[in-house]
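Structure first, then comments.
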Amino acid sequence: MDRALTVGFEIDEGGLARVTLRRPEAGNAIDLETARGLREAARACAREHVRAVLLTGEGRSFCVGGDLREFATLTGEALEKHLIAVTDALHDALRAFAAMDAPLVTAVQGAAAGAGIGLAVAADVTLAAEDTSFTAAYTGIGYSPDAGTSWFLPRLVGPKRALDLLLTNRRVAATEAAEIGLVSRVVAADALAAEAERTAEALRRGPTAAFGATRRLVAAGLTAELGRHLDAEACSIATLAASDTGREGVAAFLGKRTPDFTRVPPRP
């Protein structure tokens, strides 16, 4: 199957990249080609002059997780090798999204289950339609987590609540997801697409280098010793202050105008 048919990818002239899961008839389940398509798209975002990324899924659901129908066609060693190939590609995509300066926005509707949760919460800003539900689902079929769910969930909702979600597979409605920190905010279902575009566009116009530095500091701060982290903050802010990004921001503030960070390339 052509990967372009399962994962859409485009970058507009302003540097906003749109990555779209395109298997609506299968709930955007992740088969091998979809995982590889996501990896290609994520790597392209890292290579190109991308200022923000919007990840969406076509159809009624964002992503229902791995493609169990595909997995069920294999057994034994063949299945193990296939799952390694799927997760390698999917995890490479997550690594690429995490490493880029450009912020990532996800718009989640319908069902997000299994790896779909990992993709949803890997974003810097996760928007959920009011009718969205989240279900870990892994242990319900005798699997363990992938797509970073066992890494993201404890950091977002705490280890005790993460284990509750991962072991019981209870369904979490959008409102609860926002309350426990699983998503950034909930919007009306008919407003999700527009709000996601608005959010991604606002980030596209922002200071990409500062966004990247901030993403790295927040990620590192979760495990860093305070003294070392303060040193990292000092180094980062000094570097940015001397950069084109910092100079434009300060000049705009002092000149009482809106900064135009789009004049600064997203990376050297």
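Below, all heavy atoms of this structure are taken into account, side chains as well, without hydrogens, waters or symmetry copies. Residue numbers run from 1 in the order of the sequence given.
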Look only at the side chain of [X] and the backbone of [Y], and say whether a donor-acceptor pair between them is shorter than 3.5 Å.
X	Y	value
Glu225	Gly227	yes
Glu70	Leu32	yes
Thr126	Ala120	yes
Ser243	Leu240	yes
Asp101	Ala209	no
Asn28	Ser61	yes
His91	Ala147	yes

Does a side-chain heavy-atom distance below 4.5 Å link Ile30 with Arg23?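 In short, these two side chains do not touch, never coming nearer than 4.5 Å.
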Working for salt bridge (charged side-chain N to carboxylate O under 4.0 Å, His left out), residues Arg18 and Asp12: CA-CA 8 Å; Arg18 294 177 177 83; Asp12 68 20; 3.5 Å; yes
Can you tell me how far the [atom1] atom of [X] sits from the [atom2] atom of [Y], to the nearest 0.5 Å?
X	Y	atom1	atom2	value
Glu33	Glu40	CD	CD	8.5 Å
Ile180	Phe134	CD1	CZ	9.0 Å
Thr6	Leu38	OG1	CG	7.5 Å
Leu54	Thr199	CG	OG1	9.0 Å
Leu192	Thr132	CG	OG1	7.0 Å
Leu166	Arg161	CG	CZ	13.0 Å

Could you please spell out the steps behind the side chain to side chain donor-acceptor pair (under 3.5 Å) verdict for Thr262 and Arg205? CA-CA 6 Å; Thr262 62; Arg205 296 194 302 269; over 6 Å; no
Looking at [X], I want to see if its [atom1] is surrounded by more than 12 non-hydrogen atoms of other residues, nucleotides or ligands under 6.0 Å.
X	atom1	answer
Leu230	CG	yes
Arg247	CZ	yes
Glu77	CD	no
Arg257	CZ	yes
Arg170	CZ	yes

Report yes or no: do [X] and [Y] belong to one cluster of Ile/Leu/Val/Met/Phe/Trp/Tyr joined by side chain heavy-atom distances under 4.5 Å?
X	Y	value
Phe152	Leu90	yes
Leu127	Leu203	yes
Leu21	Val64	no
Leu165	Val183	yes

Specify whether His82 and Phe71 have parallel, tilted or perpendicular ring planes, treating 30° as the upper limit for parallel and 60° as the lower limit for perpendicular.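 Judged by the thresholds at 30° and 60°, the geometry between His82 and Phe71 is perpendicular.
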Can you see whether Asn169 engages Tyr138 through a side-chain donor-acceptor pair at a distance of less than 3.5 angstrom?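 No, no side-chain donor-acceptor contact under 3.5 Å.
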